[in-house]
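Fair warning: this is a prediction, and the values are worked out from it, not measured in the lab.
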Amino acid sequence: MSQETQIEINVLTSLSQISETEWDRCACTEAVDQPPVDPFTTYRFLKALEDSKSVGSGTGWTPHYLQAKRGDDTIGVAPLYGKTHSQGEYIFDHNFAQAYENSGGHYYPKLQIAVPHTPATGRRLLVRPEYQVVAQSALVQAAVQLAAENELSSLHVTFCTEQEAEAGAQMGLMPRRSQQFHWINNGYKNFDDFLTDLSSRKRKNIRKERTQAQNFGGQIEVLTGDEIEPHHWDAFWVFYQDTGARKWGTPYLTRQFFEEAHAHLRRDMLLVLAKRDGRYIAGALNFIGQDTLFGRYWGCTQEFPCLHFELCYYQAIDFAIAQGLQRVEAGAQGAHKLARGYLPVATHSLHWFGDAGFSQAVARYLEAERNAVDDEINVLTSYGPFKTVTLEEQQ
């Protein structure tokens with residue numbers, strides 16, 4: 001009997017049906033005394049979404065977590081959700097949905113292996129390294145079977161790693177390429193050291209923006225861990241609601257999520273707040289990984305020149321350099337990040353459709369899209385802010 005045929009798959013409707021130790025043994029394969037590589041797939045983060053009702057009934061994100069077991073041993077898990085819309089995903093499939101509906105089908109519900117409301121790259125097939133091949137295969141097969149047996153239109157795996165994208169493609173899923181803007185730490189000692197890598201014009205512009213921002217008439221607080229107190233979340237909730245209402249109509253996270261975050265996630269979070277005349281007027285929330293700082297939410301009640309850039313991008317770079325982090329992921333979209341040292345990088349997703357004809361049409365579309373994304377990354381990189389190194393300087 002092969003290893004794969006010995007694997008049992010369970011579908012869990014709540015994380016309460018699996019222990020934190022079992023889940024994190026698959027999700028956090030790094031040493032227990034280190035920060036997680038991906039804070040968003042930890043038990044504590046996903047449980048905070050569930051306990052705060054940011055996922056579940058009425059949200060369009062219905063948990064169907066997958067658990068792969070060999071005997072009594074959990075060897076892999078996956079954050080799988082039933083979706084009744086395409087909100088909070090950031091890998092946009094609205095054109096797929098429209099085409100599917102126009103052809104007479106029902107696109108929703110669909111299945112999604114993802115971290116809800118989180119456009120950050122990380123492992124989505126959370127398997128123990130010694131079982132990587134068989135556990136990844138078992139999780140993918142189980143998700144496809146679940147979609148097929150329930151006559152659902154599709155399965156999507158979003159913001160997966162490049163390795164998972166390659167493995168998924170070998171298993172028959174269709175790879176898709178998108179792009180984001182990330183800042184890369186090239187061993188900088190401080191922010192000025194980073195600026196020396198930029199062209200003179202971009203360097204002067206960033207210094208000007210930082211000066212403008214820091215002259216907003218108040219103070220900037222950079223908080224993490226126990227430095228974050230409940231009243232900070234009272235302020236940030238106001239910022240988050242304002243941004244959520246303007247971008248999505250309704251904020252994805254509930255107020256209770258920030259209560260759960262304060263109780264269980266403070267060590268994973270960096271909160272940057274601007275205070276003026278004794279009141280907080282703007283803030284940016286980041287999550288801290290082992291080698292990456294993930295920018296997530298921004299909001300304000302008063303606008304000042306360049307304060308958004310300072311709180312979201314430049315303070316993030318300062319923190320990453322000070323902590324020796326290798327990367328800052330600045331979230332979805334935003335070509336304006338290019339001028340501030342964030343370069344375009346490819347992100348990955350995987351897709352499966354039950355209808356063979358529709359699947360073939362999507363495959364052709366995705367091939368053309370991948371080529372277009374690669375071309376766009378090359379063009380945008382050439383317009384980046386970094387100094388051009390001449391052949392003489394290389395020698």
Side-chain angles (χ1 to χ4, degrees), residues 10-20 22-24 27 36 38-67 77-91 108-120 122 124 126 143 146 150 152 156-159 228-269 271 283-287 294 296-299 331-332:
N10 296 322
V11 180
L12 313 177
T13 57
S14 170
L15 283 175
S16 300
Q17 296 170 297
I18 185 173
S19 72
E20 184 170 3
E22 283 181 288
W23 183 278
D24 281 350
D38 180 0
F40 302 113
T41 53
T42 60
Y43 186 94
R44 58 185 176 270
F45 181 86
L46 296 171
K47 191 72 159 53
L49 289 177
E50 189 179 315
D51 288 347
S52 67
K53 297 181 172 53
S54 298
V55 301
S57 178
T59 68
W61 292 85
T62 303
H64 299 291
Y65 312 105
L66 297 180
Q67 177 190 32
V77 293
L80 177 68
Y81 298 85
K83 290 298 306 296
T84 56
H85 52 63
S86 292
Q87 298 170 15
E89 297 172 8
Y90 303 96
I91 298 293
Y108 306 106
K110 60 178 182 175
L111 289 182
Q112 192 102 5
I113 297 178
V115 178
H117 324 309
T118 307
R124 296 296 173 259
L126 309 174
L146 195 61
N150 287 277
L152 304 182
H156 310 267
V157 185
T158 47
F159 290 100
I228 302 174
E229 299 181 8
H231 71 274
H232 294 129
W233 295 121
D234 292 335
F236 191 79
W237 172 244
V238 176
F239 308 146
Y240 175 72
Q241 279 186 298
D242 177 69
T243 300
R246 285 187 286 106
K247 284 190 173 183
W248 316 304
T250 302
Y252 294 144
L253 302 175
T254 65
R255 179 63 179 87
Q256 188 182 344
F257 173 81
F258 296 99
E259 302 290 338
E260 297 290 335
H262 184 75
H264 304 295
L265 302 173
R266 276 179 293 166
R267 288 185 303 162
D268 301 323
M269 302 173 108
L271 192 58
L285 176 61
N286 308 265
F287 281 78
F294 301 91
R296 286 304 301 114
Y297 301 108
W298 145 267

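At least one donor-acceptor pair closer than 3.5 Å links the side chain of R124 to the backbone N or O of T158. Panel note: side chain W23, backbone T41; a donor-acceptor pair is recorded below 3.5 Å. Side-chain atoms of Y240 come within 3.5 Å of backbone N or O of Y252 as a donor-acceptor pair. A donor-acceptor pair is defined here as one N or O able to donate and one able to accept, closer than 3.5 Å; such a pair exists between the side chain of Q17 and the backbone of S14.
Heavy-atom contacts from other residues, nucleotides or ligands closer than 6.0 Å to CZ of R267 number 12 or fewer.
Across all their heavy atoms, F257 and S54 have their closest contact at CB-OG, 3.8 Å. Nearest heavy-atom pair, Y90 versus H117, reported as atom, atom and distance to 0.1 Å: CE1-C, 3.7 Å. Of all the heavy atoms in D38 and G122, the pair that sits closest is OD2-CA, 3.6 Å. Listed here is the closest heavy atom pair of H262 and R266: O-NE, 2.6 Å. Listed here is the closest heavy atom pair of A78 and I113: CB-CG2, 4.3 Å.
The shortest side-chain heavy-atom distance between V77 and L66 does not fall under the 4.5 Å cut-off. Residues W233 and I228 meet the side-chain proximity criterion, which asks for heavy atoms closer than 4.5 Å. F236 places a side-chain heavy atom less than 4.5 Å from the side chain of L271. A heavy-atom distance below 4.5 Å is found between the side chains of L126 and P79. The closest side-chain heavy-atom distance from K47 to T42 is not below 4.5 Å.
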**Message:** For a side-chain contact (heavy atoms from CB on, under 4.5 Å) check, start with the C-alpha distance between Y81 and T59, then their side-chain angles and the critical distance, and finish with the verdict.
**Reply:** CA-CA 11 Å; Y81 298 85; T59 68; over 6 Å; no

**From CA spacing to verdict: side-chain contact (heavy atoms from CB on, under 4.5 Å), Y43, L15** = CA-CA 8 Å; Y43 186 94; L15 283 175; 3.9 Å; yes

**Request:** Please lay out, stage by stage, how L80 and L146 fare under the test side-chain contact (heavy atoms from CB on, under 4.5 Å).
**Result:** CA-CA 11 Å; L80 177 68; L146 195 61; 3.7 Å; yes

**Request:** Determine, step by step, whether F287 and T118 satisfy the side-chain contact (heavy atoms from CB on, under 4.5 Å) criterion, reporting the C-alpha distance in whole Å, the side-chain angles of both residues, the deciding distance to 0.1 Å, and the verdict.
**Result:** CA-CA 11 Å; F287 281 78; T118 307; over 6 Å; no

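Shown here are the salt bridge (Lys or Arg N to Asp or Glu O under 4.0 Å) partners of K110, two or more places apart in sequence or in another chain: E89, D93. Take H64 and apply the ring-ring contact (aromatic ring centres under 6.0 Å, His included) test, not counting sequence neighbours, and it matches no residue. By the salt bridge (Lys or Arg N to Asp or Glu O under 4.0 Å) test, E229 is found to be paired with no residue, residues two or more places apart in sequence or in another chain being considered.
Rounding to the nearest 0.5 Å gives a distance of 12.0 Å between CH2 of W298 and CG of N286.
For F40 and F294, the gap between ring centers is short of 6.0 Å.
Residue E260 is tested with D51, L49, L253, T254 for a side chain to side chain contact (heavy atoms under 4.5 Å, CB included); the sole match is D51.
Side-chain polar atoms of S86 and Y108 form a donor-acceptor pair below 3.5 angstrom.
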